[in-house]
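This report concerns only the one structure given below.
Every chain is numbered from 1 and lettered A, B, ... according to where its sequence line falls, protein lines coming before strand lines.
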There are 2 protein chains.
Amino acid sequence: MKLSNTTEYALRILSFMAMDEKLLYTANDLFDKLQIPYRYLRKQLNFLLKQGLLVSVQGKTGGYQIAKSLNEISLMDIIEATDDTKFENMCFFGFSECPLTQKCSMHERWGEVRNSTLSLLKTTTLNDIKNENNLTNLSLK
Amino acid sequence: MKLSNTTEYALRILSFMAMDEKLLYTANDLFDKLQIPYRYLRKQLNFLLKQGLLVSVQGKTGGYQIAKSLNEISLMDIIEATDDTKFENMCFFGFSECPLTQKCSMHERWGEVRNSTLSLLKTTTLNDIKNENNLTNLSLK
DNA sequence: TTTTAATGATACCTTTAGGTGTCATTACTG
DNA sequence: CAGTAATGACACCTAAAGGTATCATTAAAA
Ligand code: SF4
Ligand code: SF4
C-alpha cells in the first residue's frame, strides 16, 4: 500500500533533478534537500546510474544528471527501476495465481482503483513534474 | 504499493470465514484453502484473536469464528489491525512532514487516487464480501 | 604535480517481516 | 480417566530492506 523507502527516495531524486535537467547535481546538493541518509543516497545514485536513469561526471566538478529527455521518463519507469513487483493484475488477496473458479467481487473493484493508480503513474512524466510540481522550494530542515 | 503478506493473509482469512460466519473454522480448515504456511497461519490467528477480530474455542472441537457482525468489519479495519501505516494524507514522496512551502502537483493527483482506494476499503465490509464474493469455491492446490 | 572534491565499488552492520519448532493447555470422547 | 485433536504461548531462525564504513578512482585547479 506504500511504496518502499528506496522507491520514494528515487522519486524524490529524479523529481528534484527534473527542475533543471541540464544542471549537474552533486550528492551533497541532493542530500541537503531530500532528507535521504547520505551514504544510502550515494548508493542509490549509483544504482540509478546503472539503471540508465542517470548519467554521472566524475572528478572534482562532477555530479549527476538525468539521462534521458524528461518526457521519456514516467513515474512508473522510476518505480519499476527500484521495485520489481508486478503491479498489473495484482490480486487483492495476494494470490500469485487465482485459486477461484470464478472471479470474486474484489477482482473488479480492486482492479478499478488499481488501474486508476497505475494510469496516473504511467501517464505522469518528469516533464509534467517539472512544469507543475515545484520541488524547487524545498526548505532545509 | 502492495499490501504486506501478513495483511493479505488476514484478508484471506476473514473473507473466507465470512462465507459462513456461524461456523467454527479450525486452523487446518483454513490452511487447506488459503495457501498460508501452517505455523504462520496459527500465529496470525492468535494475533487476530488478540486484535478482537476473531474469537476462539479451545479443546478438541474448537476453532475460530469472526468476533463481530459482518457489517461491522470493513476491509480497512482488517488492514489497520495488521499494518500500522497511516494511509491518510500519505505523501507520494514519503516525506513524513511536507518540506515544501506550497503543495506540489502530486499532492492533489496522488490524493485523488489514494482517496478512492481508501474509500473502497472503508466502505466494503465483510458482509459485502459474503454476498458478492464467493471465496467458497477456492480450489485446493 | 600535488591537493582536493567529486564519484565508484564493495563489504559489512542492523532491523524487521516472514516463517519454524516445541511444548503446554484445553475439552471432547471413547 | 486416558487419549486425542484442537488452540495458546513463546523462543528461535532466515532473508531482505535499509543503512553504514572504508577505500579507490577520477579530473579540475591550485
Ligand atoms: S478473483 Fe479474487 S482471488 Fe482471484 S485473482 Fe481476482 S481478486 Fe484474487
Ligand atoms: S505537497 Fe508534495 S511533497 Fe508535500 S506532502 Fe504533498 S505530495 Fe508530499
Examine [N]: is either OP1 or OP2 under 4.0 Å from a nitrogen or oxygen in the side chain of [X]? Give yes or no.
X       : N      : value
B:Thr61 : C:dC28 : no
A:Lys50 : C:dG8  : no
B:Tyr9  : C:dG19 : yes
A:Ser56 : C:dG8  : yes
A:Ser4  : D:dA17 : no
B:Tyr64 : D:dG8  : yes

Rounding to an integer number of Å, can you tell me how far [X] [atom1] sits from [N] [atom2]?
X       : N      : atom1 : atom2 : result
A:Phe47 : D:dG18 : CZ    : C1'   : 14 Å
B:Gln65 : D:dA6  : CD    : P     : 16 Å
B:Asp29 : D:dA5  : CG    : C1'   : 12 Å

Out of [options], which nucleotide sits closest to the side chain of [X]?
X       : options                : answer
B:Arg39 : D:dG19, D:dA6, C:dG21  : C:dG21
A:Lys60 : D:dT20, C:dG18, D:dA29 : D:dA29
B:Arg42 : D:dG8, C:dG19, D:dG18  : D:dG8
B:Pro37 : C:dG19, C:dG18, D:dA9  : C:dG19
B:Asn46 : D:dG18, D:dT7, D:dG8   : D:dG8

Query raised in the report: Can the positive tip of A:Arg12 be found less than 6.0 Å from the middle of the six-membered ring of B:Phe95, inside 45° of the ring normal?
Result: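 Yes, a cation-pi geometry holds between A:Arg12 and B:Phe95.
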Report task. Taking the side chain as every heavy atom from C-beta outward, state whether A:His107 and A:Leu100 have any pair of such atoms under 4.5 Å apart. Result ->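 Side-chain contact under 4.5 Å: no.
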Report task. Could you tell me whether the side chain of B:Thr85 reaches within less than 4.5 Å of the side chain of B:Ile79, counting heavy atoms only? Result ->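 No. Closest side-chain heavy atoms not under 4.5 Å.
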Report task. Check A:Ala67 against A:Val55 and note the closest heavy-atom contact, atom names and distance. Result -> CB-CG1, 3.9 Å
**Report entry** Which residue lies more 5' along DNA chain C, comparing B:Lys43 with A:Gln58 via nearest heavy atoms
**Finding:**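 The residue whose closest nucleotide sits nearer the 5' end is A:Gln58.
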Query - Sugar-phosphate, base or nothing in reach of B:Leu49, heavy atoms under 4.0 Å - result: sugar-phosphate
Query raised in the report: Between A:Val57 and A:Leu3, which is nearer to the 5' end of DNA chain D once each is assigned its nearest nucleotide?
Result: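 Closest to the 5' end, via its nearest nucleotide, is A:Leu3.
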